[in-house]
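This report concerns only the one structure given below.
Only heavy atoms go into these numbers, but all of them, side chains included; no hydrogens, no water, no symmetry mates. We're numbering straight along the sequence, starting at 1.
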Amino acid sequence: STMLNGIELPKNVTLDMMGADLVGRVEVTKAATPDLEGDGMGGTVNVVMKQIPDAPMFAIKASTGYNQYSFDHDFLTFDSKTVTKKDLWTTRGSTYVPTPADFSRQNLIITHQQALPDMNASIALGNSFFNNRLNLMAVGSLQNTNIASTNVNNSYSTDAYNNLQPSALQNSTYCKAQSRFGGYVKLNYNFNANNQITLYNSFFRMNETRARVVVD
């Protein structure tokens with residue numbers, strides 16, 4: 001099972017949705033212990049977000065890069081906004097009879113463009129107020145990655161004289177654009193050395209668009 005700050009996450013959440021700049025540490029428990037949820041029979045991964053610092057802090061990080069592949073090849077993509085994300089019975093009722101006009105074909109049109117540079121950026125700030133009674137930690141993260149490859153596969157067969165002859169040729173191009181963004185805010189209020197109240201909220205999202213063209 002997977003947890004975020006000790007709270008269990010849904011089963012279909014992938015850890016790579018959380019930017020590395022938001023994570024303080026990762027705790028891996030390879031056994032079932034009394035303090036963890038009962039469904040993590042094989043173990044538990046607990047992702048702990050960055051904690052409130054002892055001193056005021058403010059940090060901005062940014063990096064970029066470009067793949068050599070993108071200088072010589074176009075990046076393939078399509079209009080992902082035209083994809084129908086919900087069943088028509090959900091949006092129009094179970095008695096609705098779909099027609100071909102209800103389904104867009106724009107997402108089937110592959111377009112060629114220059115790949116954008118990869119980017120990774122984050123901002124973090126933390127501070128204490130009211131004689132360290134109120135503590136604030138806020139972190140934001142953004143990452144954009146473009147991955148592409150071209151593969152040429154030839155297959156051969158032998159003729160009656162045991163000579164190799166080309167029998168098939170396949171040229172495939174695969175492009176994946178992935179963007180992640182998220183944020184994390186934590187507030188602590190210390191009543192005294194033994195009592196405190198904590199409020200935290202997080203938001204993560206990952207968008208991935210894949211385009212594949214195969215010619216044979």
Side-chain angles (χ1 to χ4, degrees), residues 1-40 42-68 70 75 80-81 114-148 176-209:
S1 63
T2 305
M3 307 177 77
L4 176 64
N5 286 346
I7 297 178
E8 190 172 9
L9 295 176
K11 298 301 180 185
N12 58 346
V13 171
T14 57
L15 292 179
D16 57 357
M17 290 181 63
M18 307 173 190
D21 293 317
L22 305 178
V23 178
R25 68 181 188 274
V26 178
E27 301 171 346
V28 179
T29 305
K30 298 173 68 175
T33 60
D35 59 319
L36 299 176
E37 298 290 339
D39 57 351
T44 301
V45 176
N46 183 28
V47 181
V48 181
M49 296 289 102
K50 284 187 174 180
Q51 301 301 301
I52 298 174
D54 297 330
M57 61 88 66
F58 178 73
I60 296 178
K61 298 179 182 179
S63 62
T64 186
Y66 206 71
N67 195 316
Q68 176 67 34
S70 301
F75 193 81
S80 60
K81 297 180 180 179
Q114 192 70 27
L116 296 175
D118 295 340
M119 181 178 62
N120 192 1
S122 67
I123 182 172
L125 59 92
N127 205 350
S128 299
F129 309 93
F130 309 120
N131 294 326
N132 290 329
R133 284 186 175 272
L134 179 63
N135 304 309
L136 168 67
M137 179 70 180
V139 186
S141 175
L142 171 66
Q143 183 178 6
N144 182 73
T145 307
N146 296 299
I147 302 172
K176 180 175 71 173
Q178 190 177 76
S179 62
R180 302 184 186 94
F181 51 93
Y184 176 72
V185 177
K186 183 176 182 178
L187 283 169
N188 260 9
Y189 187 81
N190 303 302
F191 295 98
N192 50 51
N194 299 318
N195 298 278
Q196 70 173 356
I197 185 171
T198 302
L199 171 67
Y200 60 86
N201 196 8
S202 57
F203 175 81
F204 307 103
R205 179 165 179 170
M206 180 174 67
N207 296 329
E208 186 173 280
T209 302

Partner residues of F58 under the ring pair (Phe, Tyr, Trp, His ring centres under 6.0 Å) criterion, sequence neighbours left out: none
Classify the side-chain pair N144/S179 by whether it contains a donor and acceptor separated by less than 3.5 Å. no
To the nearest 0.5 Å, what is the distance between CE on M206 and CZ on R180? 6.0 Å
Where is the tightest heavy-atom contact between Q114 and S70, given as atom of each residue plus distance? NE2-O, 2.8 Å
L142 and F181 have their tightest heavy-atom pair at CD1-CB, 3.9 Å
Nearest heavy-atom neighbours spanning N46 and G6: OD1-N, 2.9 Å
Run the side chain to side chain contact (heavy atoms under 4.5 Å, CB included) check on L136 and V185 step by step: do they pass? CA-CA 8 Å; L136 168 67; V185 177; 4.2 Å; yes
Got a second to check how far L125's CG is from I123's CD1, nearest 0.5 Å? 6.5 Å
Return the CE to CG distance between M49 and N5, rounded to the nearest 0.5 Å. 6.0 Å
In terms of heavy-atom contacts, A115 and Y66 come closest through O-OH, 2.7 Å
Answer yes or no: is there a side-chain heavy-atom contact under 4.5 Å between Y184 and L4? no
Check for a donor-acceptor pair, side chain of R133 on one end and backbone N or O of F191 on the other, with a separation under 3.5 Å. yes
Rounded to the nearest 0.5 Å, what's the gap from OG1 on T44 to NZ on K30? Could you check? 12.5 Å
Is there a donor-acceptor pair closer than 3.5 Å between any side-chain N or O of N190 and the backbone N or O of N132? yes
Check for a donor-acceptor pair, side chain of T64 on one end and backbone N or O of D118 on the other, with a separation under 3.5 Å. yes
Kindly compute the distance separating CG (N127) from CG (L134), expressed to the nearest 0.5 Å. 9.5 Å
Using side chain to side chain contact (heavy atoms under 4.5 Å, CB included) as the criterion, list what pairs up with N120, not counting sequence neighbours. D21, S63, Q143
Looking only at heavy atoms, the pair that brings S1 and E8 closest together is CB-OE2, 3.8 Å
Between the main-chain N or O of N146 and the side-chain N or O of N67, is there a donor-acceptor pair closer than 3.5 Å? no
Please determine whether the number of non-hydrogen atoms from other residues, nucleotides or ligands lying under 6.0 Å from atom CG of N192 exceeds 12. yes
Which residues share a side chain to side chain contact (heavy atoms under 4.5 Å, CB included) with I147, sequence neighbours left out: T145, K176
